[in-house]
K.L.:
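Following this message is one structure expressed as structure tokens.
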Amino acid sequence: MNGNTYDALVIGGGINGLSALYHLKRLGAARAGLVERFEIGHDRGSSHGAARVTRSAYVAPEYVRLMQWVHKEEWPRLEKDLRKKLVYSNPGIYTGPPCERYHSYVHAVAQEGVDVELLTADEARGRFPQFTFEGVESALLDKTGGFISSTEAIESLTALARENGVSFHENIVVHGIDPTGDPVRVETSGGTIETERLVVAAGAWAKELLPFLKPSLNIARQTVGYFTPEDDLDAYRPGRFPVWAYREQDENNLFYGMPEFGRAGVKVGRHLRVGVDDDPDNPPDAIDQEKIADVKRFIARFFTCKNWTLAGAEHCLYTNAPNEDFIIDLHPENPRIAFGAGFSGHGFKFGPLTGRLLAELAWKGETSIPDAKLARGLFSLKK
Ligand SMILES: Cc1cc2nc3c(=O)[nH]c(=O)nc-3n(C[C@H](O)[C@H](O)[C@H](O)COP(=O)(O)OP(=O)(O)OC[C@H]3O[C@@H](n4cnc5c(N)ncnc54)[C@H](O)[C@@H]3O)c2cc1C
């Protein structure tokens with residue numbers, strides 16, 4: 001690998017790195033490469049698994065507008081170029097017991113003009129009899145909701161990049177970046193790579209490569225279960241079953257899920273965000289059964305079907321930033337290096353947009369997406 005020189009190099013083959021690569025090719029990077037410490041599609045980071053929820057219902061106006069843009073512009077362009085359907089519309093239901101956190105969420109989303117409708121608990125039960133809606137007074141129906149076929153997004157972005165002549169360096173670990181070099185020098189387990197422009201999208205390992213990110217990021221390993229109901233499985237398929245979340249006042253008391261899609265079982269997980277900092281290099285040997293039991297207790301309370309079989313489970317990493325705001329910026333020492341980190345538990349749906357932002361920042365120092373320009377302050381390292 002010694003002696004490789006690129007117009008643009010990407011570190012990290014998750015949704016952000018692959019999307020940045022796609023946009024770097026669109027911007028004209030003739031010699032482009034990507035370095036990935038495992039194989040593309042591996043299950044040690046954050047982008048694996050069959051599907052991800054998408055929605056425009058956000059509290060902060062910047063995210064609402066960016067999601068409206070990504071739904072209207074970025075995912076459709078990607079689907080066209082990849083010749084693949086990736087995004088499926090499906091109603092969303094967001095609920096929780098009466099508490100400040102739930103009320104402020106409902107209020108903020110409604111104020112932003114997102115296409116939502118507030119249902120009473122009885123109306124919600126009538127519409128989605130799969131849930132008991134125990135302990136809640138209302139539920140927000142999000143008509144902008146849906147899910148993304150994440151495995152297919154990763155696979156088809158990789159296939160397109162290969163077709164376009166991108167060099168993939170898999171099972172190669174980047175150990176260091178010399179930002180002062182011209183071109184930039186990247187030290188890897190396979191030798192040195194030189195590049196004119198660099199995008200760093202290293203997920204849970206970002207703070208190892210960019211130590212200035214250390215104070216801003218913490219890693220939380222998530223455990224997700226896939227469950228098969230004893231009763232009518234059709235009631236949990238797309239169209240009839242929503243993408244959903246249930247939030248209480250405590251930040252870690254957020255459960256979520258989606259219809260069965262892309263693999264056996266209905267996905268249910270608990271969004272664990274605060275009070276942990278896991279080591280991405282030290283994955284557990286087995287699925288944490290206590291976490292599965294915890295999810296089962298929630299299902300027993302909030303789902304009408306009481307008998308479920310565990311069809312599968314997986315771990316996945318959140319790289320959390322304060323307030324869950326993404327950190328997307330230029331390297332403080334070199335404006336030809338852009339980095340993205342802290343995509344927390346909600347970054348996949350933004351992938352084609354955050355990838356474009358990373359590519360444009362590295363390639364020309366600024367973004368051409370008007371709402372992303374406005375969000376630069378929100379995503380800034382110095383915020
Ligand atoms: C359980 C779970 C559920 C989620 N649900 C949703 C959802 O419903 N909707 C949504 O929008 N988002 C969701 N997310 C969040 C979303 O999946 C992540 O924000 C997103 O996948 C982050 O992608 P990434 O490319 O930044 O990181 P990653 O996918 O982790 O990619 C980073 C890559 O960099 C590689 N790498 C790191 N360091 C090096 C190095 N030194 N050398 C070479 N390669 C390196 C890693 O191996 C990895 O492949 C969820 C996340 C989890 C864990």
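Note that ligands are numbered from 1 as they come in the structure, with each ligand's atoms numbered from 1 the same way.
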K.L.:
In terms of residue, atom name and distance, what is the protein heavy atom nearest to atom 38 (N) of ligand 1?
P.N.:
W205 CB, 3.2 Å

K.L.:
Give the residue, atom name and distance (to 0.1 Å) of the protein heavy atom nearest atom 25 (O) of ligand 1.
P.N.:
N16 N, 3.0 Å

K.L.:
Using a 4.0 Å heavy-atom cut-off, say whether I148 meets ligand 1 through its side chain, its backbone, both or neither.
P.N.:
neither

K.L.:
Give the contacting part of L209 toward ligand 1: side chain, backbone, both or neither, where contact means a heavy-atom distance below 4.0 Å.
P.N.:
side chain

K.L.:
Taking the basic N atoms (NZ, or NE/NH1/NH2) and the acidic carboxylate oxygens, is any pair closer than 4.0 Å for D294 and K291?
P.N.:
no

K.L.:
So which heavy atom in the protein is nearest atom 12 (N) of ligand 1, and how far is it from that ligand atom?
P.N.:
F348 N, 3.2 Å

K.L.:
Does ligand 1 have a heavy atom under 4.0 Å from the side chain of A201, from its backbone, from both, or from neither?
P.N.:
backbone

K.L.:
Decide whether N164 and Y22 meet the rule of one side-chain donor and one side-chain acceptor closer than 3.5 Å.
P.N.:
no

K.L.:
Below a 4.0 angstrom heavy-atom separation, can you tell me which part of I15, side chain or backbone, both or neither, approaches ligand 1?
P.N.:
both

K.L.:
In terms of side-chain geometry, is the basic nitrogen of E155 or K84 positioned less than 4.0 Å from the acidic oxygen of its partner?
P.N.:
no

K.L.:
Say whether, by atom type as modelled, one donor and one acceptor occur between the side chain of S56 and the main chain of V114 under 3.5 angstrom.
P.N.:
no

K.L.:
Of the backbone atoms (N, CA, C, O) and the side-chain heavy atoms from C-beta on, which set of Y256 has a member under 4.0 Å from an atom of ligand 1: side chain, backbone, both, or neither?
P.N.:
side chain

K.L.:
Does a salt bridge link D329 with R376, judged by any charged N lying under 4.0 Å from a carboxylate O?
P.N.:
yes

K.L.:
Suppose I only count heavy atoms of F38 and a 4.0 Å limit; which atoms of ligand 1 are within that range?
P.N.:
47 (O)

K.L.:
Any Lys/Arg nitrogen of E366 or K373 sitting under 4.0 Å from an Asp/Glu carboxylate oxygen of the other?
P.N.:
no

K.L.:
Counting heavy atoms only, which part of S150 comes closer than 4.0 Å to ligand 1: side chain, backbone, both or neither?
P.N.:
neither

K.L.:
Going through the checks in order, is the ring pair (Phe, Tyr, Trp, His ring centres under 6.0 Å) test met by Y94 and Y246?
P.N.:
CA-CA 6 Å; Y94 299 99; Y246 167 96; over 10 Å; no

K.L.:
Mark up the atoms of ligand 1 that fall under 4.0 Å of a heavy atom belonging to V224, in ascending order.
P.N.:
1 (C)

K.L.:
Which is it for M258 and ligand 1 at heavy atoms under 4.0 Å: side chain, backbone, both or neither?
P.N.:
neither

K.L.:
I need the nearest protein heavy-atom contact for atom 50 (C) of ligand 1: residue, atom name and distance, please.
P.N.:
R52 NE, 3.5 Å

K.L.:
What part of R37 sits under 4.0 Å from ligand 1 if we count only heavy atoms: the side chain, the backbone, both or neither?
P.N.:
both

K.L.:
Whether the side chain of R356 engages the backbone of H23 through a donor-acceptor N/O pair (distance < 3.5 Å, no angle test) should be reported.
P.N.:
no

